[in-house]
Number of protein chains: 2
Amino acid sequence: MKYYSISEVSDRLDIPESTIRYYEKKGLLPQIERDEAGRRFFSENQIAFLGIIIYLKNTHMPISVIKQYVDWVVEGESTIELRLEMMKNHKKNVLAEISLMQEALKGIDVKIARYTKYTQERKEAREDEFILEKRK
Amino acid sequence: MKYYSISEVSDRLDIPESTIRYYEKKGLLPQIERDEAGRRFFSENQIAFLGIIIYLKNTHMPISVIKQYVDWVVEGESTIELRLEMMKNHKKNVLAEISLMQEALKGIDVKIARYTKYTQERKEAREDEFILEKRK
DNA sequence: ATACGCCTTAAACCATGGTTTAAGTCAACA
DNA sequence: TGTTGACTTAAACCATGGTTTAAGGCGTAT
């Protein structure tokens, strides 16, 4: 089974090594193996798990909550219902956040439309002036 | 023309008074009027403007960038093209962020599906046990 | 006139999520 | 054997976006 060094994982997932160390320290990456020299080595499974952590982070789950999730994963099958409820709840939060952003985007689109119209009209006005200029 | 106190604006937009003061201090709310006693009073226009600021904040535009936007608004029509470019660029960023979240949501949905299936199977297994129990 | 509520400020404080630094260990190649 | 390069740690540092505190000013109802 192939193993990856921290720099390889950093490159593959495009996250800083310091972040990976930080996550491990926070308990988000349990059971990371070390070689004789104390260096971390990651299996494909562990990289996939880190991928999930990144998904949760990208959807703004607080680290404290991700930690609870990870603790439940470590605890085993008996926590699956708790994890299910957590993920359902998180999904709800994420959908609400996306809605909020899409709402804001409407307001931003109104601005874009206004500014575009203004810019367009200015441009036409300049073209008119140019024509008048040439006929002068 | 009706004016609103800071507590009224806070209630209407559902943001803390402290945040409104903080935004004003950061230069995000220029030209807020004061009464003789030094108390802020907001016109409908100013509340609408604050609404835009909230949109930008809700789409994670950094305060420093919002500040630049506000400065350009104050500067006047000559900055409309700059504002247009800023808003177009911001929209691009927001769409990218939403995509990232939706991507993550797929991974979360896989977890939900797995956990649901497991929970469902456990439940069925318990029902089977119950039936066996009754027949015993 | 005094007390209450709403407002003001500056400055201190806070949470979150990392990043950077400094000092050191080890493996491998020249 | 010694010099790189990749790794290690703990601790300090940082940016962002606020919130809280403390001390005080005014206006109006009692």
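So that the names make sense, note that chain A is the first sequence line, chain B the second, and so on, each numbered from 1. Just the heavy atoms: all of them, side chains too, but no hydrogens, waters or symmetry mates, feed the values below.
The NZ-P distance, from B:Lys25 to C:dT8, rounds to 13 Å in whole Å. The separation between B:Arg39 atom CZ and D:dG24 atom C1' is 14 Å, rounded to whole Å. The nearest whole Å value for the distance from the CD1 atom in B:Ile63 to the P atom in D:dG17 is 5 Å. Atom NE2 of B:His60 is separated from atom C1' of C:dG17 by 14 Å (rounded to the nearest Å). Across the protein-nucleic acid pair, A:Leu56 atom CG and C:dG17 atom C1' stand 15 Å apart, rounded to whole Å. Rounded to whole angstrom, the span from the CG atom of A:Leu29 across to the C1' atom of D:dT8 amounts to 16 Å. Atom-to-atom, CD1 of A:Ile6 to P of C:dT19 comes out at 12 Å; the value is rounded to the nearest Å. Taking atom CD on A:Glu17 and atom P on D:dG5, their separation rounds to 15 Å, with Å as the unit.
Going from atom NZ of A:Lys111 over to atom NZ of B:Lys88 covers 16.0 Å, rounded to the nearest 0.5 Å.
The phosphate of C:dG17 has neither OP1 nor OP2 within less than 4.0 Å of any side-chain N or O from A:Arg21. Neither OP1 nor OP2 of D:dC7 sits under 4.0 Å from any side-chain N or O of A:Arg40.
Under 3.5 Å, the side chains of A:Glu77 and B:Tyr118 contain a donor-acceptor pair of N or O atoms. Side chains of A:Glu81 and B:Tyr115: a donor-acceptor N/O pair is absent below 3.5 angstrom, by distance only.
When hydrophobic clusters are built by joining Ile, Leu, Val, Met, Phe, Trp and Tyr residues whose side-chain heavy atoms come closer than 4.5 Å, directly or via intermediates, B:Leu95 is grouped together with A:Val94.
At the heavy-atom level, A:Ser7 lies under 4.0 Å from the strands shown only through sugar-phosphate atoms. In this structure, B:Tyr23 reaches the sugar-phosphate backbone alone: every heavy-atom distance under 4.0 Å involves primed, P, OP1 or OP2 atoms, never a base.
Across D:dT8, C:dG18, D:dA11, the shortest atom-to-atom separation from the side chain of A:Thr19 is found for C:dG18. For B:Tyr22, counting side-chain heavy atoms from C-beta on, the closest listed nucleotide (D:dT9, C:dG17, D:dG18) is D:dG18.
At a threshold of 4.5 Å between non-hydrogen side-chain atoms, the residues B:Thr116 and B:Thr119 do not count as touching.
Along DNA chain D, the nucleotide nearest A:Ser5 and the nucleotide nearest B:Ala37 are compared for position; the residue whose nucleotide lies closer to the 5' end is A:Ser5.
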